[in-house]
Amino acid sequence: MNVLLLGSGGREHAFAWKFNQSKKLEKLFVAPGNAGTAEIAENIDLDPNDFPKIKEFALANQVDMVVVGPEDPLVNGIHDFFLADEQIKNIPVIGPEKLGAQLEGSKDFAKEFMFRHDIPTAQYKSITKDNLEEGYQFLETLKAPYVLKADGLAAGKGVLIINDLDEAKTSLKEMLGGMFGEAGSRVVIEEFLSGIELSVFVLTDGKSYKTLAEAKDYKRIGEGDTGLNTGGMGAISPVPFAKGDFMQKVEERVIVPTINGLQKDNIPYKGFVFIGLMNVEGDPYVIEYNVRMGDPETEVILPRVKSDLLDLMEAVSKQELDKADFEMDTRTVTTVMLVSGGYPEDYEKGKAITNLNKVDGSLVFHAGTCNSGSDVLTNGGRVISVSSYGETMEAALALSFKNADLIDYEGKYFRRDIGFDL
Ligand code: AMP
Ligand code: GLY
């Protein structure tokens with residue numbers, strides 16, 4: 001098979017690494033990719049949101065499958081674009097159509113879906129400029145802190161958690177006034193849920209599903225979960241507190257009704273569902289859906305998938321996932337993200353990365369890197385993810401930290417406390 005993978009982060013390098021182990025893979029293209037994917041696939045200078053160009057490339061290169069890493073091409077309708085075109089409608093796309101992608105693309109759509117299907121989630125109210133007063137009234141019924149979410153995609157920045165009621169009212173008005181652009185023209189106000197967060201990753205063909213695993217990521221830049229939010233500074237899978245009983249509740253109360261809900265609502269869905277959960281005193285509540293794999297969660301989940309990932313992708317495209325072989329490694333995998341100094345605020349790019357060849361015993365997934373001649377340079381805020389296996393979480397982390405110390409570039413920073421709370 002010739003596969004075209006869209007995206008350029010650590011997630012996509014991990015996908016490329018896993019696809020390379022498949023006996024079915026003939027040629028792997030990554031668009032646009034990074035210096036890591038360039039070592040194991042052919043990087044193509046294509047924008048994942050330029051659908052006509054992707055079509056042209058797919059036809060010229062006998063692409064047999066398109067796998068979509070990030071959410072925006074899905075929310076923009078890449079799958080629908082393929083299905084609507086006679087020349088490419090038979091090339092399977094992994095990732096939901098536009099309707100299903102609304103689970104991530106619209107918080108309001110996701111909340112309505114969860115309430116319709118009795119999936120446990122925080123109470124909420126959806127507010128626009130036209131019912132702002134109702135928003136103020138709803139805020140008054142809630143206890144602090146107050147959760148305000150821009151309805152649309154806001155590059156992970158559209159959620160505010162505010163302690164003071166008056167401040168929450170002011171922020172609500174500001175969000176509706178354009179603080180997050182068009183994404184905030186509708187705002188979802190939510191009840192605050194107190195607990196420990198984790199995520200569960202599910203692959204579905206729209207009829208059946210496989211639960212890959214759960215993972216926990218570390219979003220804040222600073223140790224002890226302090227400072228600004230980032231895309232993710234590290235991750236662990238499995239999650240020690242997510243034992244049989246809790247995961248059974250997740251399956252029964254969240255995963256099954258989600259997959260059944262998609263069918264009842266006639267929402268076609270072939271792809272990954274990333275379910276962000278809060279463990280509230282042993283009961284799971286859904287915080288959000290994403291319609292893709294997480295980053296850096298992919299860097300700990302895919303190393304645990306023992307089965308051939310292209311077999312699984314093919315089974316999804318043919319709606320034969322129920323018949324597919326599926327096995328996960330029981331070992332723990334941890335990842336530690338090396339970032340650029342200054343991230344998630346301003347940072348410099350173009351720093352030479354050295355000592356990558358000294359890494360021993362870990363997997364190195366490039367996130368924001370590029371090639372310049374024979375050098376590998378930093379090219380983003382999140383630079384490299386160092387993933388390790390271990391019989392225990394502690395052993396895996398020790399290996400990730402040891403190798404994270406070896407890799408070098410100006411301004412390197414990583415959190416040394418991943419897993420501290422477990
Ligand atoms: P989201 O983009 O919906 O995942 O929200 C971003 C982050 O805000 C989540 O990862 C949580 O840490 C936090 N958050 C979102 N919704 C809630 C909620 N209802 N209660 C508590 N924390 C929340
Ligand atoms: N690590 C969180 C995400 O991928 O959205």
Side-chain angles (χ1 to χ4, degrees), residues 7-12 14-15 68-72 74-75 103-111 114 119-126 138-139 142-163 168 175 180 183-184 187-201 214-221 225-226 228-237 272-281 283-302 335-337 339 344 365 367 381-382 385 415 418 421:
S8 61
R11 168 181 51 210
E12 285 74 24
F15 265 99
V68 185
E71 65 278 12
D72 43 334
L74 297 168
V75 173
L103 282 179
E104 177 165 359
S106 164
K107 303 272 187 200
D108 178 60
F109 180 93
K111 293 299 274 190
M114 289 184 259
I119 296 165
T121 186
Q123 293 298 321
Y124 81 108
K125 196 155 206 78
S126 199
F138 184 64
L139 281 169
L142 299 174
K143 282 198 229 105
Y146 305 93
V147 182
L148 303 178
K149 299 185 176 181
D151 180 58
L153 291 183
K157 295 194 176 78
V159 177
L160 297 181
I161 299 185
I162 299 169
N163 281 311
M175 284 172 89
F180 293 115
V187 173
V188 168
I189 305 175
E190 274 185 29
E191 164 199 18
F192 182 83
L193 297 173
S194 185
I196 312 181
E197 276 184 80
L198 76 161
S199 301
V200 62
F201 294 85
E214 81 285 358
K216 186 173 190 331
D217 81 335
Y218 291 79
K219 289 205 175 80
R220 303 296 195 91
I221 187 73
D225 278 338
T226 54
L228 293 173
N229 256 326
T230 71
M233 298 294 293
I236 290 172
S237 177
F272 295 95
V273 195
F274 163 166
I275 311 178
L277 297 168
M278 189 74 84
N279 176 349
V280 182
E281 292 171 11
D283 289 321
Y285 285 79
V286 177
I287 294 274
E288 64 164 350
Y289 287 111
N290 295 306
V291 299
R292 52 174 173 84
M293 285 297 287
D295 194 351
E297 292 91 332
T298 305
E299 292 94 298
V300 295
I301 302 257
L302 289 187
T335 202
V336 171
M337 187 66 78
V339 305
F365 295 122
R382 294 192 294 170
S385 174
R415 272 181 66 173
I418 301 305
D421 53 340

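Note that the structure is predicted; figures quoted are calculated from it, not measured. When a ligand or atom number is given, it counts from 1 through the structure's own listing order.
- Every residue two or more places apart in sequence or in another chain that forms a side chain to side chain contact (heavy atoms under 4.5 Å, CB included) with Pro120 is listed here: Arg253, Val254, Tyr285.
- Around ligand 2, the residues contributing at least one heavy atom under 4.0 Å from the ligand are Asp217, Gly231, Phe274, Arg292, Gly294, Asp295, Pro296, Glu297.
- The aromatic rings of Phe274 and Phe201 sit tilted relative to each other, their planes meeting at an angle between 30° and 60°.
- Here the side chain of Glu104 pairs a donor or acceptor atom with the backbone of Val291 at under 3.5 angstrom.
- Residue-level contacts of ligand 1 at the 4.0 Å heavy-atom threshold are Lys107, Ala122, Val147, Lys149, Val159, Ile161, Glu190, Glu191, Phe192, Leu193, Glu197, Lys219, Met278, Ile287, Glu288.
- In this structure the side chain of Ile119 reaches within 4.5 angstrom of the side chain of Tyr289, judged on heavy atoms.
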Query - Derivation and outcome, side chain to side chain contact (heavy atoms under 4.5 Å, CB included), residues Arg11 and Ile301 - result: CA-CA 10 Å; Arg11 168 181 51 210; Ile301 302 257; over 6 Å; no
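- Side-chain contact between Asn229 and Arg220: present, with at least one pair of heavy atoms (C-beta onward) separated by less than 4.5 Å.
- No side-chain heavy atom of Asn290 sits less than 4.5 Å from a side-chain heavy atom of Glu71.
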Side-chain donor-acceptor pairs of residues 142-153 under 3.5 Å, sequence neighbours excluded:
{"unit_1": "Lys149", "atom_1": "NZ", "unit_2": "Glu190", "atom_2": "OE1", "d": "3.3"}
{"unit_1": "Lys149", "atom_1": "NZ", "unit_2": "Glu190", "atom_2": "OE2", "d": "3.2"}
{"unit_1": "Lys149", "atom_1": "NZ", "unit_2": "Ile287", "atom_2": "O", "d": "3.3"}
{"unit_1": "Asp151", "atom_1": "OD1", "unit_2": "Ser106", "atom_2": "OG", "d": "2.9"}
{"unit_1": "Asp151", "atom_1": "OD1", "unit_2": "Lys107", "atom_2": "N", "d": "3.0"}
{"unit_1": "Asp151", "atom_1": "OD1", "unit_2": "Asp108", "atom_2": "N", "d": "2.7"}
{"unit_1": "Asp151", "atom_1": "OD2", "unit_2": "Ser106", "atom_2": "OG", "d": "3.2"}

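- At least one side-chain heavy atom of Tyr218 sits under 4.5 Å from a side-chain heavy atom of Ile236.
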